[in-house]
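A quick write-up on the structure given underneath.
Numbered from 1 within each chain, the chains take letters A, B, ... in sequence-line order.
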Amino acid sequence: MLVSVNNLTKIYRLGDYEVYAVRNVFLNIDRGEFVAVTGHSGSGKSTLLSLIGGLSKPTVGRVKIDGVDIWELGDEELSALRNRKIGFMFQFSSLLPTLSVRQNMLLPASLAGADEREAEARARELLEQVGMEHRMHAYPWQLSGGEQRRVAVARAFMNHPELILADEPTGDLDEDSEALVMRMLRRMNREEGTAVLLVTHSRELAEQAERRLVMRRGRLLEVG
Amino acid sequence: MRMHITLALQNLRMRKFRTAGIACAIAIASATLFISLVLTLSMSTSLRLSMAQLGADVMVVPASAESSAEGVLLGAKPVRWHLSYTYAEELEKIEGVEAASPLAFVEPPRECCSLRGVVLVGFDPARDFIVMPWIHRAGGLGRMQVFAGSEYALTPGSQVELYGYRFRIAGRMEPTGIPYFDRGIFMPLSTLYLLTQRGGGDLREGQVSVIMLRLSPGADAERVAEAIEFNFPELKAVVAQRALANVRNQMHLLLGSLLVLSGVIWGTAILLISVILSMSVRERMREFGILRALGATRRFIFGYLMAEVCILATLGGALGVGAGYLLLSQVSGYISASLGIPYPMPDRLYAGLLSVGVIDLALLLSTLASILPAYRSSRLEPYHAIRAGE
Ligand SMILES: Nc1ncnc2c1ncn2[C@@H]1O[C@H](COP(=O)(O)OP(=O)(O)O)[C@@H](O)[C@H]1O
Ligand SMILES: [Mg+2]
């Protein structure tokens with residue numbers, strides 16, 4: 001078991017009333033599994049990913065990754081876990097605006113203190129897979145939305161993560177970019193055994209996953 | 001650490017306006033502080049030197065020269081008057097006066113001499129107590145020999161050309177802080193008269209610029225000055241202590257306001273840094289959130305921001321010190337003339353130490369100003385930070 005989520009709940013307090021963004025969620029993800037989550041906007045998908053990725057603290061419940069309760073970890077250990085085991089793709093731009101494509105790619109490796117030569121090679125190889133190796137020295141603002149997303153998906157795989165948390169990585173993308181991003185996710189899932197938790201609007205894309213879940217008002221439901 | 005710096009540099013490079021803004025604020029504050037410190041320190045050294053080295057208690061000038069007399073004592077203003085040498089003999093008869101040394105200052109036209117900005121100083125070897133001690137120590141002054149001020153790198157035995165004559169350097173004075181002395185070439189009055197006659201200067205034989213008096217131990221300088229002005233209404237006696245006190249008062253006023261100004265500017269700069277940083281933290285929340293998601297620790301974010309501020313402070317501080325130095329060297333002549341006091345630029349080592357001090361202070365204050373925003377940035381919840389930028 002790679003991810004084990006137990007009774008996860010996140011409550012946002014807005015003045016007098018409470019928003020249950022995520023409500024009593026149980027979820028297990030195996031190594032190498034490809035899981036898709038759909039759901040209306042505001043149903044709690046992004047919040048769920050942030051809780052699993054250790055970016056936001058649950059109000060109630062536990063998240064275990066590789067058997068470790070991530071919210072028992074200190075900042076150094078939790079940061080290291082994010083760095084080594086999880087690759088993120090956010091709903092909007094995930095790139096650092098002041099860094100070039102190459103620098104963005106190398107960032108996770110530098111934070112891990114990895115060998116620079118190896119990191120360069122890995123970055124090049126991943127960028128090739130999304131057809132961005134020729135834009136190594138461009139800055140994010142010089143790229144289209146689709147190109148930025150392609151770099152972001154490549155960067156998510158830099159440190160050979162065990163889990164990819166991808167929040168609508170193909171939202172409002174042109175068809176080519178969408179196909180490139182999806183191909184990358186499926187390929188790495190197959191070749192490197194990376195588990196993927198993919199949030200998407202598109203039923204079509206969701207159907208490419210092994211397992212499909214739906215979120216409704218903070219609750220997570222298994223589909224078929 | 002290397003990564004902090006790389007990221008910080010990259011960020012500074014990409015946000016040029018913000019970088020320039022903060023660096024300028026720090027530079028202006030550093031420049032003001034540097035200038036105030038240089039002025040304070042070099043003025044007080046020059047005053048101390050003047051008093052100690054002069055060895056004269058009272059300076060006598062023509063009454064008409066009154067307003068600029070203090071400037072002459074400190075050597076900042078050119079001498080534009082003459083008085084007769086014979087007063088030296090008269091003044092020695094006044095009670096309390098131990099010795100009278102007439103001195104003539106001549107600023108020769110540039111083409112006369114091989115030295116730039118030279119001042120020819122004539123003295124009476126039989127009477128002088130200001131230059132003679134140095135000359136004695138150097139073994140005396142022979143024919144066609146002169147004594148050099150501290151400013152010239154002239155070794156004993158080398159030659160200078162004055163009005164077409166070659167003189168040999170007999171020795172060199174120590175620095176006095178008085179430009180007329182430090183830039184001086186000292187020679188007996190008789191030699192000076194010969195030279196100026198040849199060169200067509202307006203100093204005629206028997207004329208000198210000032211007469212310096214040394215008083216006998218215990219004599220009251222004010223009383224002696226009164227006696228001189230009573231007996232010789234056409235003369236003005238300037239008491240060294242009083243003259244210095246006047247200058248010092250003016251100086252304190254100037255320096256006081258400079259230091260207050262630099263305090264105000266520092267306060268503003270710190271506030272500005274704090275505000276710009278807090279603002280940019282809000283603007284950069286998403287960046288911090290993404291960094292955290294990629295595996296940056298809180299400590300890393302804090303270190304990254306601090307590295308950025310340190311680079312800015314060093315840059316701004318160095319820029320400010322450099323600009324301050326340049327400005328000082330441009331206007332020091334002007335200020336010196338308008339205040340009537342000299343201030344030599346500090347020597348390199350001294351200026352270097354001051355610069356390091358000012359840059360360190362810039363670092364310290366900017367760090368203090370940014371600790372809070374940096375800490376807050378490091379404590380943001382990553383998910384909240386990422387969403388805040390959407
Ligand atoms: N920081 C927050 N404060 C208050 N409410 C929030 C906050 N973040 C999310 N929410 C609310 O939580 C619910 C789930 O949001 P989200 O996880 O972004 O949904 P989705 O990604 O499915 O569109 C929404 O109702 C949203 O308004
Ligand atoms: Mg969402």
Side-chain angles (χ1 to χ4, degrees), chain A residues 10 12 21-22 46-58 73-100 102-114 116 139-141 152 155-156 158-159 161 165 167, chain B residues 1-20 22 277 280-305 307-309 311-312 374-390:
Chain A
K10 177 75 176 183
Y12 289 113
V22 169
S46 296
T47 306
L48 178 65
L49 290 196
S50 77
L51 297 174
I52 295 174
L55 298 177
S56 169
K57 199 168 174 115
L73 298 176
D75 181 56
E76 304 271 336
E77 296 155 310
L78 179 54
S79 300
L81 182 139
R82 281 196 291 256
N83 180 234
R84 289 180 201 177
K85 296 198 171 168
I86 306 177
F88 289 93
M89 282 187 74
F90 301 107
Q91 207 167 346
F92 299 97
S93 171
S94 305
L95 302 182
L96 289 171
T98 57
L99 300 186
S100 69
R102 179 178 158 274
Q103 291 169 320
N104 261 288
M105 288 297 291
L106 294 178
L107 199 52
S110 318
L111 284 167
E116 273 177 50
Y139 283 88
W141 49 271
R155 191 187 60 186
M158 265 308 279
N159 287 353
L165 298 173
D167 196 352
Chain B
M1 196 58 208
R2 216 184 90 213
M3 214 183 149
H4 293 139
I5 293 172
T6 314
L7 276 181
L9 280 176
Q10 186 71 15
N11 187 56
L12 294 175
R13 223 161 58 92
M14 297 302 286
R15 296 186 159 106
K16 288 204 178 65
F17 280 110
R18 197 183 68 97
T19 304
I22 298 185
L277 233 64
S280 78
V281 161
R282 216 166 305 150
E283 169 197 317
R284 286 164 70 185
M285 273 172 91
R286 188 173 172 87
E287 181 188 335
F288 300 142
I290 291 169
L291 272 170
R292 300 274 278 125
L294 294 180
T297 59
R298 287 180 192 143
R299 227 158 45 126
F300 183 92
I301 301 289
F302 185 79
Y304 161 39
L305 282 172
E308 202 176 303
V309 170
I311 294 169
L312 272 174
Y375 179 77
R376 277 212 234 105
S377 311
S378 74
R379 303 300 293 194
L380 289 170
E381 189 188 71
Y383 183 59
H384 174 69
I386 290 167
R387 286 200 77 136
E390 277 170 10

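Salt bridge annotation for R292(B)-D75(A): present, with a cationic side-chain nitrogen under 4.0 angstrom from a carboxylate oxygen.
Checking side-chain atoms of T98(A) against main-chain N and O of N11(B) turns up no donor-acceptor pair under 3.5 Å. For the pair R286(B) (side chain) and I386(B) (backbone), a donor-acceptor distance under 3.5 Å is present.
The contact between L7(B) and chain A is made entirely by side chain atoms (from C-beta outward), counting heavy-atom distances below 4.5 Å. Interface residue R15(B): only side-chain heavy atoms are found under 4.5 Å from chain A. In this structure, chain B has no heavy atom under 4.5 Å from any part of R84(A).
Taking E287(B), R299(B), R298(B) one by one and counting their heavy-atom pairs under 4.5 Å with chain A, the maximum is reached by R298(B). Ranking T47(A), L81(A), N159(A), I86(A) against chain B, the residue ahead of the rest is T47(A), based on heavy-atom pairs under 4.5 Å.
F288(B) and Y304(B) have perpendicular rings, their planes meeting at more than 60° on a 0 to 90° scale where under 30° would count as parallel.
Contact between R2(B) and E116(A) at its shortest, heavy atoms only, is NH2-OE2, 3.3 Å.
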